[in-house]
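A short write-up of the structure that comes next.
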Amino acid sequence: MEQQVATFTVKKGLAQMLKGGVIMDVVTPEHARIAEDAGAVAVMALERVPADIRAHGGVARMSDPELILKIMDAVSIPVMAKCRIGHFVEAQILEAIGVDYIDESEVLTPADEMHHINKHLFKVPFVCGCRNLGEALRRIGEGAAMIRTKGEAGTGDVVEAVRHARAVLGEIRRLQTMAEEEVMAYAKEIGAPYELVMETRSLGRLPVVNFAAGGIATPADAALMMQLGMDGVFVGSGIFKSGDPAKRAAAIVKAVTHYNDPYILAEVSRNLGEPMVGRQISSIPEAELIAGRGW
Amino acid sequence: MAGKLLRIGVLALQGDFAEHIAMLRRLGVQAVEVRLAKQLEGLDGLIMPGGESTTFGKLAQDFGLIEPLRQFGQQKPLWGTCAGAIFLSKDAHRPQPLLELMDITVERNAFGRQVASFEVDLDVPALKEVSDEDLPFHSIFIRAPLIESVGEGVQVLARLEDGRIVAAQQGHWLATSFHPELTGDSRFHQYFLRLASAQK
């Protein structure tokens with residue numbers, strides 16, 4: 001048998017290797033090395049963390065490939081990068097420079113308000129955000145090999161990540177107690193491909209790895225998402241917008257591994273310095289919220 | 001297995017430990033997650049899963065697991081898949097914490113980045129010890145390491161078509177560059193359980 005590359009098995013397989021880990025947003029090679037030394041399983045290379053994207057305003061696009069390449073050179077762990085929703089050419093460019101995963105991300109300004117990228121056409125795997133089971137399964141239907149909650153990026157407020165995690169996991173629990181003849185109507189109701197709904201029902205979980213993202217700022221936030229049943233955690237602005245990034249990064253890594261041990265969580269939460277300032281989501285005008293981008 | 005239930009640990013600092021545990025349970029073995037040194041007690045063997053070897057190293061160091069794992073490995077079988085194999089090795093060409101037990105030198109990310117990850121069928125003659133079927137083993141390589149060289153007393157279990165080493169055994173230590181836990185084929189796990197029951 002010939003070697004087969006870019007199969008769905010190897011695409012979703014990389015996400016399986018990231019489970020129980022923390023993926024950190026970094027904007028410089030130096031940040032990337034801090035993240036790797038702290039025990040990050042991967043880094044997300046970008047020009048601005050979400051909190052700064054919010055503050056900066058304007059159109060947020062894919063980062064300069066030069067910056068991403070420098071970060072890829074700096075670390076041995078996988079490097080992810082973001083493209084805009086529906087911007088398949090940004091994705092082609094990210095694939096061409098060899099990033100390990102693409103995040104088709106609502107944090108950037110969407111390029112298409114109707115359609116997401118056909119991710120089956122790419123060799124590089126994709127992770128996409130979701131707010132509920134239907135959205136997760138639509139993205140998987142388009143070829144996403146990993147899912148994350150959208151949360152509300154750049155706020156340091158975990159409430160939306162919790163809402164989205166509870167929505168997905170709660171809907172899966174409901175699906176499992178449903179009679180089989182009710183599943184088609186349910187698939188129609190949530191706007192998800194029937195086959196993927198059936199697969200989720202028999203697995204009792206999403207068919208791909210499911211991380212938490214959007215607003216996670218402390219070890220306790222990270223452990224909360226793990227105890228809710230997520231497979232791992234993305235931390236965006238929460239680390240490098242805090243007082244002592246190296247220390248906080250290492251503490252969040254430990255919290256994700258020992259998420260069920262309150263004594264270790266207490267220990268790693270001590271003396272971390274200032275967390276990111278944060279913004280309560282309820283104080284943000286509706287038009288500035290980003291989780292509603294994509295469908 | 002001498003009628004006694006084997007109790008196998010899976011290092012659960014990070015990575016795809018749940019896949020290993022599911023496979024072990026399917027084989028009727030007691031499988032437990034190991035995050036702290038005290039959880040090694042009473043185990044008949046330990047699997048170190050796929051994941052990120054730098055993360056394993058950092059967490060193992062910070063929680064005082066390196067020495068206990070070395071001591072455990074002197075007595076009991078260890079098996080590392082991918083990142084676990086790196087962690088088990090003597091040398092990974094890079095300053096990162098390793099158990100430095102198995103006399104192999106590994107090259108991390110030897111095939112390149114994720115787009116080069118692949119699946120292939122391999123001949124693994126040693127698996128005849130656990131199965132009468134002489135079928136190839138379907139092997140999944142994800143940003144995989146290569147076993148660049150092996151020391152004396154290390155037996156090569158599998159090579160790619162071009163001769164490069166991807167599975168090896170030294171006494172009761174096993175290293176695979178690929179991920180049997182991602183397949184439905186339990187022969188590698190059975191092979192490891194044989195080592196564990198022989199040592200029990």
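Just so you know, these numbers come straight off a predicted model, no measurement behind them.
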Between [X] and [Y] (salt bridge meaning N to carboxylate O under 4.0 Å), is one present in this structure?
X: A:Glu267; Y: A:Arg270; answer: yes
X: B:Glu100; Y: B:Lys90; answer: no
X: A:Asp100; Y: B:Arg113; answer: yes
X: A:Arg33; Y: A:Glu30; answer: no
X: A:Asp103; Y: A:Lys82; answer: yes
X: B:Asp62; Y: A:Lys254; answer: yes

Could you tell me which portion of [X] (side chain, backbone, both or neither) has an atom closer than 4.5 angstrom to a non-hydrogen atom of chain A?
X: B:Arg35; answer: both
X: B:Ala83; answer: neither
X: B:Leu13; answer: both
X: B:Gln61; answer: neither

Close contacts, residues 118-149 of chain B versus chain A, judged by heavy atoms under 4.5 Å: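 Checking residues 118-149 of chain B against chain A gives B:Phe118, B:Glu119, B:Val120, B:Asp121, B:His138, B:Ile140, B:Phe141, B:Ile142, B:Arg143.
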Step-by-step salt bridge (Lys or Arg N to Asp or Glu O under 4.0 Å) determination, B:Arg7 to B:Asp44: CA-CA 6 Å; B:Arg7 192 173 154 85; B:Asp44 299 307; over 6 Å; no
In terms of heavy-atom proximity below 4.5 Å to chain B, should [X] be classed as side chain, backbone, both, or neither?
X: A:Asp231; answer: neither
X: A:Ala40; answer: backbone
X: A:Val22; answer: neither

Parallel, tilted or perpendicular: ring planes of B:Trp79 versus B:His20, cut at 30 and 60 degrees: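 Ring orientation, 0 to 90° scale: perpendicular.
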Counting heavy-atom pairs closer than 4.5 Å to chain A, which one of [options] comes out on top?
options: B:Leu59, B:Thr54, B:Leu160; answer: B:Leu59
options: B:Lys58, B:Glu161, B:Gln96; answer: B:Lys58
options: B:Gly15, B:Gly50, B:Ala18; answer: B:Gly15

Winner by heavy-atom pair count (cut-off under 4.5 Å) against chain B, out of A:Met72, A:Glu95, A:Glu36: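 The residue among A:Met72, A:Glu95, A:Glu36 with the greatest pair count is A:Met72.
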Heavy-atom pairs under 4.5 Å with chain B, option from A:Pro78, A:Ala250, A:Gly13, A:Pro125 with the top count: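 Counting heavy-atom pairs under 4.5 Å, the top option is A:Pro78.
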Test of ring centre spacing under 6.0 Å for A:His120 and A:Phe8: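 When the ring centroids of A:His120 and A:Phe8 are compared, they turn out to be at least 6.0 Å apart.
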CA sep, side-chain torsions, deciding dist, call: B:Phe192, B:Phe188, ring-ring contact (aromatic ring centres under 6.0 Å, His included): CA-CA 6 Å; B:Phe192 180 70; B:Phe188 251 105; over 10 Å; no
Separation between CD of B:Glu67 and CD of B:Gln71, rounded to the nearest 0.5 Å: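 It comes to 5.5 Å.
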4.5 Å side-chain heavy-atom contact, B:Gln114 and A:Val124: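 Sidechains of A:Val124 and B:Gln114: no contact.
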